[in-house]
Amino acid sequence: MDSKPLTLKLRPGIRDKLRSIPNWQSELRDVIEVWLQEKLDQIEQD
């Protein structure tokens, strides 16, 4: 893992909902990686 955390502000209530999901950090990392790759692929196609 990168030693510098990514921080972002969320809409009210989202943080608590997110934290109620088991293994949320790992799952969110996976979702972010997929989203990032899709966005980078789109940029390359433009």
Side-chain angles (χ1 to χ4, degrees):
M1 298 292 147
D2 195 317
S3 62
K4 296 182 232 170
L6 173 66
T7 304
L8 62 140
K9 292 184 179 187
L10 300 170
R11 292 181 184 100
I14 298 295
R15 181 180 183 267
D16 293 332
K17 290 177 183 179
L18 179 63
R19 293 178 61 123
S20 72
I21 299 170
N23 200 29
W24 70 270
Q25 289 178 326
S26 179
E27 290 192 37
L28 187 55
R29 284 183 197 108
D30 293 343
V31 169
I32 290 171
E33 286 184 37
V34 169
W35 174 81
L36 179 58
Q37 190 58 56
E38 289 173 354
K39 292 296 180 180
L40 292 173
D41 290 347
Q42 283 179 349
I43 291 169
E44 289 178 1
Q45 292 176 4
D46 290 343

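- Clustering ILVMFWY residues whenever any of their side-chain heavy atoms sit less than 4.5 angstrom apart, transitively, puts Leu6 in the very cluster that holds Ile14.
- Applying the side chain to side chain donor-acceptor pair (under 3.5 Å) test to Gln37 and every residue at least two apart in sequence or in another chain returns Asp41.
- In this structure, the separation between CH2 on Trp24 and CZ on Arg15 is 8.0 Å, given to the nearest 0.5 Å.
- Under a hydrophobic-cluster definition in which Ile, Leu, Val, Met, Phe, Trp and Tyr are linked whenever side-chain heavy atoms come within less than 4.5 Å, directly or via other members, Trp35 and Leu40 are assigned to the same cluster.
- Rounded to the nearest 0.5 angstrom, Asn23 CG and Asp30 CG are separated by 8.5 Å.
- Between the CD atom in Glu27 and the CG atom in Leu18 there is a gap of 9.5 Å [rounded to 0.5 Å].
- Taking CD1 from Ile32 and CG from Leu8, the interatomic distance works out to 7.5 Å, rounded to the nearest 0.5 Å.
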